[in-house]
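For reference, the structure is listed below as structure tokens.
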Amino acid sequence: MNKNRLEAFSDGVLAIILTIMVLEIKVPHGNTWADLLALIPVFLSYVLSFIYIGIYWNNHHHMLHSMTHVNGKILWANLHLLFWLSLVPFATGWIGEHHFAQLPMALYGFFLLMAGTAYYILQSLIIKSQGPNSILKKAIGKDYKGMASPILYIIGITVSFYSVWMAGAVYAFVALMWLVPDKRIERMLEHSEAKH
């Protein structure tokens, strides 16, 4: 399969995930500020999840752009990532509807942990298929953010049973950590293209 087809398919799935999430925000039954304020938990959960899906879309795009070819393992690893990301709208709706309750927050963190794990697996398979001198391998280097994220997700999941706001802060912190533009892959791609 051409890597462009893989990217187009993944982009389509991520677009559907974002669409499903926004459809969970129901129009208020009333027309007062109080009716609108009741939607704040739903809106906040949507914003956090939108940022997460956006981060995955952005990094996924750069990662696939660094590839030279696709194999069956990469296809399955990509589907594995999309599976976990497709569950984010469910958890997003649940935490919004139940005002960030303990179990929904823990499940949300679990889905983020599994999506992060799936991303790491996909990244590792791409590096393995492209070789130790691949652009992606050079770009990610030590990958401190990639190593810190699962630990923080586990902390967030654990903390959610004691303080949902602390758990939310941990999940938001991880998102902010990744939201800071990561130019490593872009720089490596530009450097590689300049050489050719």
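If you read the sequence from its start, that first residue is 1, and numbering goes on from there. Given the structure is predicted, the values throughout are model-derived calculations rather than measurements.
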>> side chain to side chain contact (heavy atoms under 4.5 Å, CB included), that's the test. Do Ser160 and Tyr108 meet it? Break it down for me.
In response: CA-CA 10 Å; Ser160 69; Tyr108 186 77; over 6 Å; no
Considering all heavy atoms of both residues, which atom of [X] and which atom of [Y] are nearest to each other, and what is their separation?
X: Met166; Y: Val159; value: CB-CG1, 3.3 Å
X: Leu125; Y: Ala77; value: CD1-CB, 3.5 Å
X: Ser149; Y: Met177; value: OG-CE, 3.5 Å

ask   = Are more than 12 heavy atoms from other residues, nucleotides or ligands located less than 6.0 Å from atom CZ of Phe43?
value = no
Worksheet item: Counting heavy atoms not belonging to Trp94, are there more than 12 under 6.0 Å from its CH2?
Response: yes
Distance from [X] atom [atom1] to [Y] atom [atom2], nearest 0.5 Å?
X: Leu152; Y: Ile157; atom1: CG; atom2: CD1; value: 11.0 Å
X: Ile55; Y: Tyr119; atom1: CD1; atom2: OH; value: 11.0 Å
X: Tyr120; Y: Asp143; atom1: OH; atom2: CG; value: 8.0 Å
X: Ile127; Y: Asn133; atom1: CD1; atom2: CG; value: 12.0 Å
X: Trp57; Y: His60; atom1: CH2; atom2: NE2; value: 11.5 Å
X: Thr117; Y: Leu81; atom1: OG1; atom2: CG; value: 10.5 Å

- Task: Take Val22 and Leu18, measure what side chain to side chain contact (heavy atoms under 4.5 Å, CB included) needs, and give me the verdict at the end.
- Result: CA-CA 6 Å; Val22 77; Leu18 291 174; over 6 Å; no
Please answer: with hydrophobic residues joined when any side-chain heavy atoms are less than 4.5 Å apart, are [X] and [Y] in the same cluster?
X: Leu39; Y: Leu37; answer: no
X: Phe161; Y: Ile154; answer: no
X: Leu87; Y: Leu103; answer: yes

*asked:* Tell me whether the rings of Tyr171 and Tyr153 are parallel (<30°), tilted (30 to 60°) or perpendicular (>60°).
replied: tilted
How are the rings of Phe100 and Trp165 set to each other: parallel, tilted or perpendicular (split at 30° and 60°)?
tilted
Taken in chain and number order and not counting sequence neighbours, the residues that satisfy side chain to side chain donor-acceptor pair (under 3.5 Å) with Thr92 are Ser49
Those residues at least two apart in sequence (or on a different chain) that pass side chain to side chain donor-acceptor pair (under 3.5 Å) with His61 are Glu7
Would you say the side-chain atoms of [X] pair up with the backbone N or O of [Y], donor to acceptor, closer than 3.5 Å?
X: Lys3; Y: Thr68; answer: no
X: Ser45; Y: Val42; answer: yes
X: Glu97; Y: Pro41; answer: no

Note, [X] side chain near [Y] side chain (heavy atom, < 4.5 Å):
X: Met63; Y: Gln123; value: yes
X: Lys73; Y: Ser129; value: no
X: Val70; Y: Asn78; value: no
X: Val88; Y: Met21; value: yes
X: Leu112; Y: Val174; value: no
X: Leu64; Y: Asn4; value: no
X: Ile95; Y: Leu48; value: no

Residues 19-34 vs side-chain hydrogen bond (donor to acceptor under 3.5 Å, both in side chains), sequence neighbours excluded, gives Thr32-Asp35
Requested in this report: Go through Met67 and Ile126 one step at a time and tell me if the side chain to side chain contact (heavy atoms under 4.5 Å, CB included) criterion holds.
Outcome: CA-CA 7 Å; Met67 290 180 5; Ile126 290 171; 3.4 Å; yes
Grouping ILVMFWY residues whenever side-chain heavy atoms fall under 4.5 Å, the cluster of Ile20 otherwise contains Ile16
By side-chain contact (heavy atoms from CB on, under 4.5 Å), Ala101 pairs with (sequence neighbours left out) His98, Pro104
Sorted by chain and number, sequence neighbours left out, side-chain contact (heavy atoms from CB on, under 4.5 Å) with Met114 holds for Trp84, Phe110
